[in-house]
Amino acid sequence: MSDTQSPNKERHMPSSNRTSSNLFSLNIAHQDQDTLHPEQVLDKLTHLLGAGNVQTDPEKNEHYRMGWRSGGGNALAVLFPQTLLEIWRSLEICVEGDCIIIMQAAKTGLTEGSTPSGNDYDRPVVVINTLAMNQLYLVNDNEQVISLPGATLHQLQSQLKAVNRAPHSVIGSSTLGASIIGGVSNNSGGALVKRGPAYTELALFAQIDKHGQLVLVNHLDVELGDTPEEILTNLQTGNFDKRALPDTGKMASDKEYIARVKDVNASTPSRFNADKRRLYEASGCAGKLAVFAVRLDTYPTAVKEKTFYIGTNSVSELAQLRRKILSSFDNIPEVCEYMHRDIFDVSAKYGKDTFLSIKHLGTNALPRLFSIKGAMDAKFHKWSWMPKHFTDKVMQFIANIFPKHLPKRMLEYRDQYEHHLILKMSDDGIAEAQDFLKVFFDASNTGNYFECSQEESESAFLHRFAAAGAALRYEVIHEKDVGDILALDIAIPRNELEWLETLPEDIEQHLEKKLYYGHFFCYVFHQDYILKKGSDAHLVKKMMLELLSARGAKYPAEHNVGHLYEAEPDLQNFYKSLDPTNTFNPGIGKMSKTKRNCSCCL
């Protein structure tokens, strides 16, 4: 890693010098004749982890080799280490065996970034699943949290709720199982207007340097010991001072984001994955490091909150509303989510089971239900006589039996208005919004708003939450009649007024449905296109991305490049600086999958 990516210059410090930055190397650079054969790698891994935690059967490890929406490939083994130290020891063996390493947690990404991709790698592939290490430690009077690699965002929300604090992000729209470190590794965004991308400069990670050496770097700024054994064991057991960790000036969140999102005259997007301002070690690494822990800020919870439901038939009216609130309010909104009428309809029908499950069973039950569904899908997939997507079709059938679930006023707005906003304000911002919205819409000929009851507010956000899964469900249920789903997440310039795209006929002719929703004040949109039967998804995507580039949009905005997007030059250079030999997660960003031997240039 170059000095421009890290201000820490203690990278060759002797281990006897105990500071907040520790680095240890395992000298395993070797000639090809010293490389372990795959059988030897498996033997060593089995001896280390036990046979039950090394899965080599392709049928039994298929779930961990396949992407959530698409993608997948073969692997020599999928590992399930039970401690941080076992991850480190597994990395040692994999490097000794010249294996490709793919780090994986909840595997909820939408761009194939946490699984193998195809079978054209030049070395054996080993997947390391980290979900067993799910400890969270609240530190500095609950103002920060240290997360291990298996801890989930849902788990963090639950733990912080007990101490009246809030996390850097709220549950996204794909699943409830997303890991905290996965979000940081991909600079994931979210619905919260004030927080920006998941970001920290405080992390503990392993990387392979240009000499082929495995290196452990402690930039958590927490004193944990002098050796990998001490550091990783003390961290996992919580054997460190949690009361007053030092403030070394490093950021544990994007503290500059509020000023950035308020700059409505800027000609660049507010946040996107390739933004080099927010590429720093673990943040944005996309699996090019093995991240053991991150340290993040937490936030005080609001005393009061109020949700406003807004409808209009004017694109420009919403653009002006956004500009005036961001530029003139003293209190930035907590959330402002957009839904077009078409995704409103799709979510109402095809996201109904998700809506009802959360409403009646609670969010705590959802991760378990997703896990059960995933296991059933994996089993049914192996039975050739079983209909495709059986569980989705059964869940859709059951959901259709239930009566309408959305509040009356939301359904009335659906009939009256094409564009919908769900705006949540807190504390002093509530009165600001009440005064502003009354004046703004008194002068409007195209829109209106209402203040939500508690039930209406919960329903509005649950409806928005279900949208992404609903688009996929629609494509599954209608698979005989429609083509593929093309899912894009984009960020448009902050000064854009015509924010809703107008597509040329050569693209329109391929589309069955266009589904628009997203984080409106951040100008980050999810755009799901259901293609017509027989349309070429690769061709349509190529045309779509060319159009977006011409608009000054950035993509992907928050789901990262994975294996579906070409990484921009800044992002490619960042990946190469983190992983000079191309051992971790090669091929992401449509980069080369082959090994780089950077030491040959020394």
Side-chain angles (χ1 to χ4, degrees), residues 143-145 153 156-157 160 165-172 178 180 182-203 247 249-285 294-302 322-338 423-427 429 432 489-496 499 518-526 552-560 570-571 574:
E143 293 184 356
Q144 290 186 324
V145 62
L153 188 55
L156 176 59
Q157 283 182 294
L160 287 176
R165 301 287 293 183
H168 61 284
S169 183
V170 296
I171 297 298
I180 296 164
V184 172
S185 296
N186 290 294
N187 282 139
S188 297
L192 299 178
V193 180
K194 301 176 180 178
R195 310 283 164 81
Y199 179 76
T200 186
E201 296 166 0
L202 298 159
D247 180 359
K250 295 181 185 177
M251 289 196 292
S253 62
D254 188 351
K255 298 181 184 298
E256 302 164 351
Y257 188 71
I258 289 180
R260 186 170 178 83
V261 78
K262 283 173 65 71
D263 185 1
V264 294
N265 294 313
S267 60
T268 56
S270 58
R271 57 179 168 92
F272 56 98
N273 289 134
D275 185 356
K276 61 183 179 181
R277 298 169 49 258
R278 291 297 171 256
L279 299 176
Y280 186 97
E281 297 182 342
S283 296
C285 72
V294 294
R295 182 172 154 192
L296 297 163
D297 289 331
T298 68
Y299 302 84
T301 56
R322 172 184 171 273
R323 288 178 66 87
K324 289 181 179 180
I325 289 179
L326 286 177
S327 61
S328 66
F329 273 33
D330 293 327
N331 300 276
I332 294 299
E334 296 291 327
V335 181
C336 188
E337 292 294 287
Y338 168 76
L423 174 67
K424 180 183 286 188
M425 303 296 299
S426 63
D427 299 333
E432 269 193 303
D489 65 292
I490 70 163
I492 65 173
R494 286 165 279 171
N495 63 354
E496 181 66 69
W499 51 269
H519 317 304
F520 190 69
F521 279 20
C522 298
Y523 260 4
V524 169
F525 293 94
H526 301 287
K554 291 289 188 178
Y555 51 83
E558 58 183 13
H559 288 157
N560 220 338
D570 285 337
L571 194 55
F574 178 64

* Structure fact -> Output for pair (Gln144 CD, Ser253 OG), nearest 0.5 Å, gives 8.5 Å

* Asked: When you look at NZ of Lys276, are more than 12 heavy atoms from neighbouring residues, nucleotides or ligands closer to it than 6.0 Å?
  -> no

* With distance as the sole test, does Asn186 use its side chain to make a donor-acceptor pair with the main-chain N or O of Gly182 at under 3.5 Å? -> yes

* Sub-3.5 Å donor-acceptor pair from the side chain of Arg195 to the main-chain atoms of Pro167, do we have one? -> yes

* Kindly write out the residues that satisfy side-chain contact (heavy atoms from CB on, under 4.5 Å) with Asn273, not counting sequence neighbours, or none if the list is empty. => Asn187, Pro556, Asn560

* Please tell me if the side chains of Ser270 and Phe521 come closer than 4.5 Å, counting only heavy atoms from C-beta onward. => no

* Working to the nearest 0.5 Å, report the span between CZ of Arg494 and OG of Ser267. => 8.0 Å

* To do: Could you grab the distance from atom CZ of Phe574 to atom CD of Glu281, nearest 0.5 Å is fine?
  => 8.0 Å

* Is there a side-chain contact between Tyr299 and Lys194, using heavy atoms and a 4.5 Å cut-off? -> no

* Is Asp297 salt-bridged to Lys255, going by a charged N under 4.0 Å from an acidic O? -> yes

* Asked: Do Arg165 and Glu143 touch side chain to side chain, with heavy atoms closer than 4.5 Å?
  -> yes

* Check for a donor-acceptor pair, side chain of Glu432 on one end and backbone N or O of Asp330 on the other, with a separation under 3.5 Å. => yes

* To do: Hey, could you give me the OH/NE2 distance between Tyr199 and His168, rounded to the nearest 0.5 Å?
  => 14.0 Å

* To do: For Ala274, enumerate each residue passing the side-chain contact (heavy atoms from CB on, under 4.5 Å) test, keeping only those at least two apart in sequence or located in another chain.
  => Phe272, Glu568, Leu571

* To do: Output yes when Glu256 and Arg278 qualify as a salt bridge under the 4.0 Å nitrogen-oxygen rule, no when they do not.
  => yes

* Hey, does the side chain of Asp489 reach the backbone of His559 with a donor-acceptor pair shorter than 3.5 angstrom? -> yes

* Asked: When rounded to the nearest 0.5 angstrom, what is the spacing between NE2 in His526 and NE2 in His519?
  -> 3.5 Å

* If you round to the nearest 0.5 Å, how far is CG of Asn265 from OG of Ser327? -> 8.0 Å

* If we only count heavy atoms from C-beta on, is the Val524 to Ile490 side-chain gap below 4.5 Å? -> no

* Asked: Do Arg323 side-chain atoms and Val264 backbone N/O form a donor-acceptor pair below 3.5 Å?
  -> yes

* Say whether, by atom type as modelled, one donor and one acceptor occur between the side chain of Ser185 and the main chain of Cys285 under 3.5 angstrom. => no

* Report yes if the side chains of Ile180 and Val145 come closer than 4.5 Å at any heavy-atom pair, otherwise no. => no

